[in-house]
Amino acid sequence: MTKKVTSDRLATVSEYYFSRKLQELAAMNAEGKDVINLGIGSPDLPPAPAVIDALTQHVKPAENHKYQSYKGTPEFRKAFSSWYKKKFRVNLNPETDILPLIGSKEGIMHISMAFLNDGDEVLVPNPGYPSYQAAANLAGAVIRPYQLKSSNEWAPDFNNLENEGLDRVKLMWVNYPHMPTGAGLTNHLMGKLVDFARKHQIILVNDNPYSFILNDHPQSILKFARPDDMVIELNSLSKSHNMAGWRVGMAAGNPELIQNILTFKSNMDSGMFLPIQKAAIVAMEANDSWYKSLNKIYEKRRKLAWQFLDMLGCSYEKDTSGMFVWAHIPGSCKNGGTLSDEILYQHNVFITPGFIFGSEGDQFVRVSLCTPEEIWNTSINRIKNLINHKITSI
Ligand SMILES: Cc1ncc(COP(=O)(O)O)c(C=O)c1O
């Protein structure tokens, strides 16, 4: 008898969509196809020069290459605390309320492992970032997707959730500004979410990496939480400071929950490279002009993205935040997957099919603003050809 190699746990997930798709795009490029990737939200612009200077300066001393504290240096946590105070008017104690993370994505797994038991239910947004569901599956929890609809301004339907029963629900993921729809976080919604979580004793986690992108009023859910509320927020420098590859994020909120996450995380890694912490401190000291200049670029790109989507016959909302446009496909198209495939295989332009964010995304596609204007113009030209040759799914 041959032994089964993989765990049962592994069967609850599949390789991350983009991990597979990027390999496919690389193979197409190796065949000389020159694929344009309008799909993935990985900022193409560099961090501020002062951030890179800080990294290079701090990479030289030998002692900076040692293992680091599991919870980051005190000055690094203090920088997160000052950033939250300045940007969100939220007071966080750097000693107890903040845990630096190697990117916020790892926080999703740590939180799931720290708080979920087999059979616990987890509310995940549909459409939503696929990692919430994957992490809950790996932790043995039961997924309870909640629908987000344009007709309800992409907010959860609280009555519906209460009618369905919440006794077994342990944790709720929210993500405002929301990816992929770009819906923002209003004071009204923040209040409702915190009240809902308090009433039903649910751990509420807001994943907040997009608050500074095309958003005039960055918000933190922690503004509405009391210190003893079971509320956590994840944040990240990946999008706000063009540092996706650096892997710098944090979890903040209720100190007991933060300590629980550290209990798990300190068994998983051995701290963040000190020069990265030092440079991230400089990044968080950026003044308003940094955020403004970044957003000017995204605004210009978004106009081209709209033009591109208009040519495909898609419809979309304009008053959105974050680095994506979430677009409804034309009625003549079967679904977002067929539209994405057709554009990719006939015209070498990749756009993300909405189904990867859940069943509510089936009739949508998502394009990313992490592409320079000239590439958007090339994409528009390729689509002109596509329309001239009449693609079959439109
Ligand atoms: C909603 C959402 N949360 C978290 C992440 C992960 O960000 P990080 O780079 O901080 O791990 C992403 C990345 O695309 C995202 O879209």
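Start at 1 and go down the list; that is how both ligands and their atoms are numbered. Scope of the values below: all heavy atoms of this structure, side chains included, with no hydrogens, waters or symmetry mates.
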Under-4.0 Å heavy-atom contact with ligand 1, by part of F18 that carries it:
neither

I need the atoms of ligand 1 closer than 4.0 Å to a non-hydrogen atom of Y132, numbered in the order shown.
1 (C)

Could you check atom 6 (C) of ligand 1 against the protein and tell me its nearest heavy-atom contact, residue, atom and distance included?
Y129 OH, 3.4 Å

Between D288 and K87, is there a side-chain N and carboxylate O pair less than 4.0 Å apart?
yes

Does either side chain, that of E162 or that of H200, offer a donor lying less than 3.5 Å from an acceptor on the other one?
yes

Can you confirm, on distance only, whether ligand 1 has an N/O atom lying under 3.5 Å from any N/O atom belonging to R247?
yes

Compute the minimum heavy-atom distance from W246 to ligand 1 and say whether it is under 4.0 Å.
no

Relative to the heavy atoms of N175, which atoms of ligand 1 are at a distance of less than 4.0 Å?
1 (C)

Is a side-chain donor or acceptor of S321 paired with a backbone partner of L214 at a separation under 3.5 angstrom?
yes

Specify the closest pair of heavy atoms between L101 and G107, including all atoms of both residues, with the distance to one decimal.
CD1-CA, 3.7 Å

How long is the straight-line distance from CG of L369 back to CZ of F324, given to the nearest 0.5 Å?
8.0 Å

Distance check, rounded to the nearest 0.5 Å: K292 atom NZ versus K296 atom NZ?
8.0 Å

What residue and atom, counting heavy atoms only, is the protein's closest point to atom 16 (O) of ligand 1, and at what distance?
Y210 OH, 2.6 Å

Measuring from non-hydrogen atoms of P209 to any atom of ligand 1, is the shortest distance under 4.0 Å?
yes

When distances are taken from atom 9 (O) of ligand 1, the protein heavy atom at minimum range is S238 OG, 2.6 Å

Once you measure the plane-to-plane angle for Y291 and F212, does it fall in the parallel (<30°), tilted (30-60°) or perpendicular (>60°) bin?
tilted

Identify, by atom number and element, the atoms of ligand 1 in contact range of G103, meaning under 4.0 Å from any of its heavy atoms.
10 (O), 11 (O)

State the CG-CD1 distance between L304 and I375, to the nearest 0.5 angstrom.
11.5 Å

Please work out, at 4.0 Å between heavy atoms, whether the side chain, the backbone, both, or neither of K239 comes within that distance of ligand 1.
side chain

Side chain or backbone, does S104 bring an N or O within less than 3.5 Å of an N or O on ligand 1?
yes

Among all protein heavy atoms, pick out the one at the shortest distance from atom 2 (C) of ligand 1; state its residue, atom name and that distance to 0.1 Å.
D207 OD2, 3.4 Å

Which ligand 1 atoms does S236 reach within 4.0 Å, using its non-hydrogen atoms?
8 (P), 10 (O)

Would K105 and Y16 count as a cation-pi pair here, with the cationic atom under 6.0 angstrom from the ring centre and within 45° of the axis?
yes

